[in-house]
Amino acid sequence: MNIGRSAAEELDRSDSLADVREQFDIDPAGPIYLDGHSLGRLPHRVRERLHRVIDEDWGRDLVASWDTWVDWPLTVGDRLGSALLGAAPGQVAVADSTTINLFKVASAVLARQRGPLVTNRTNFPTDRYVLEGLAQAAGVEMRLIDVDRDTGPEPDLIGRAAEGASLVCLSLVDFRSGAVAPMREINEVCARAGALVCWDVSHAVGAVPIELDSTGAELAVGCTYKYVNAGPGSPAFAYVRAELQRELRQPIWGWFGQREMFVMGPSYDPVEGIGQFVAGTPSILGLASLDAAIEVLAGAGIGELRQKGMALVGYASDLIEDRLGEFGVVLGGPRLPENRGSHVSMHHPDAYDLGAELAEHGVMGDVRPPDLLRFGLAPAYTRFVDVWDAVDKLAALLRARPSEPG
Ligand SMILES: *Cc1c(COP(=O)(O)O)cnc(C)c1O
């Protein structure tokens with residue numbers, strides 16, 4: 001490959017999504033931002049929408065705005081479902097955090113069918129904690145399985161672990177290695193084993209096209225502040241397949257899930273459908289922000305975003321191997337861009353120090369235990385020259401280090 005900066009500049013010139021970057025708030029003199037897998041950048045459209053909702057809906061119309069606000073958890077859920085999740089209307093509720101939604105979904109499954117809960121030992125911490133807590137409270141087995149971090153969950157292994165279980169919970173994109181799980185195959189083996197699957201798509205949504213309906217997915221949860229760019233603490237979502245909604249009752253019996261909520265009746269009688277998964281007063285500013293953020297990605301197209309993301313990941317992988325291999329940096333996760341999400345991870349014994357030094361030199365990536373340095377390459381606004389400059393800075397830092405004895 002041509003490892004010069006000019007090759008990166010050429011890739012940026014022929015990038016069909018270059019104008020999408022202009023829809024984000026970016027200080028040209030600011031740091032190189034490779035942390036969009038943790039907190040996405042601010043779209044102009046989100047700032048404008050928030051100002052409007054604050055000034056007009058809240059500031060002027062006050063409580064009268066609830067006439068429309070009350071529908072937002074489901075209308076924004078439908079838009080998210082159609083633009084980014086491959087979900088037909090009526091199956092996505094936007095509310096609460098991913099943690100809370102996983103609790104609601106997994107509890108509902110347990111109430112329907114008591115049995116072991118399954119996840120992988122290296123899954124995202126909040127998923128493991130929620131499931132462990134539920135397993136303990138319900139007195140069911142918690143099955144923690146070992147999945148190869150670098151290749152991701154393999155259908156046969158998951159199928160065996162799913163035997164006799166009530167629920168299997170997996171991440172679509174591994175937060176460490178970036179490995180993409182084969183969703184369709186895993187849905188199939190788990191269906192055969194009689195277990196439901198809940199997909200945590202937090203590290204995938206907005207970066208990887210997700211096809212919940214057509215791959216036979218039953219349940220999913222995820223957040224919106226990473227690649228979806230809806231801002232810190234923006235609300236998460238729960239997807240429940242239409243056919244399953246009548247069989248599941250989530251454990252938080254809140255007034256926002258109640259039929260004719262303003263009648264304020266004596267006992268809980270939930271609405272039919274996904275609305276039951278909304279519990280209490282939704283974050284209206286968060287919903288406004290999410291709605292505007294979805295428009296930005298829908299305008300670009302998730303297919304185009306994925307193409308750009310894979311190009312960035314492939315380019316970064318080549319460059320890292322070519323320029324950093326000699327310093328002991330080893331690329332983690334699947335080598336082929338189609339098998340990974342939109343971040344690259346690198347193993348190095350000094351990952352933590354290097355992450356801090358990079359930040360001092362104007363490159364914001366992040367680190368994860370035990371020895372991983374991650375670069376998130378959010379396709380909506382990351383340029384090839386950003387990748388080149390970050391790898392170049394990292395090479396310079398590594399070159400300047402005292403060499404290892406022996
Ligand atoms: C970021 C992330 C979460 C976040 O959970 P919150 O409850 O929104 O804090 C959950 N799961 C995965 C896989 C994530 O990547």
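Counting starts at 1 for both ligands and their atoms, in listed order.
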Element-labelled atoms of ligand 1 that are located less than 4.0 Å from some non-hydrogen atom of Tyr225: 1 (C), 4 (C), 5 (O), 6 (P), 8 (O), 9 (O)
Thr126-ligand 1 polar pair, N/O distance under 3.5 Å: no
Counting each atom of ligand 1 from 1 as listed, which ones have a heavy atom of Asp200 under 4.0 Å away? 10 (C), 11 (N), 12 (C), 13 (C)
Angle class for the Tyr227/His37 ring planes (parallel below 30°, perpendicular above 60°, tilted otherwise)? tilted
Would you check whether Ser171 has a nitrogen or oxygen atom less than 3.5 angstrom from a nitrogen or oxygen atom of ligand 1? no
Taking the six-membered ring of Phe24 as reference, does the cationic atom of Arg41 (NZ for Lys, CZ for Arg) lie under 6.0 Å from its centre and within 45° of its axis? no
Over all atoms of both residues, closest heavy-atom pair of Ala93 and Phe277: CB-CB, 4.3 Å
Centre of Phe124's six-membered ring, under 6.0 Å away, within 45 degrees of the axis: is that where NZ or CZ of Lys226 sits? yes
Decide, yes or no, whether a salt bridge links Arg21 with Asp386 under the criterion of side-chain N to carboxylate O below 4.0 Å. yes
Ligand 1 contact on Phe124 by region, counting heavy-atom pairs under 4.0 Å: side chain
Salt-bridge criterion met for Arg323 and Asp318 (N-O under 4.0 Å): no
Give the residue, atom name and distance (to 0.1 Å) of the protein heavy atom nearest atom 5 (O) of ligand 1. Thr98 CB, 3.5 Å
If I compare all heavy atoms of His343 with all of Arg176, which pair ends up nearest, and what's the gap? NE2-O, 3.2 Å
With a heavy-atom distance limit of 4.0 Å, tell me whether Asp127 approaches ligand 1 through its side chain, its backbone, both, or neither. side chain
Heavy atom of the protein closest to atom 15 (O) of ligand 1 (residue, atom name, distance): Lys226 NZ, 2.5 Å
Numbered atoms and elements of ligand 1 in range of Thr99, under 4.0 angstrom, heavy atoms: 5 (O), 6 (P), 7 (O)
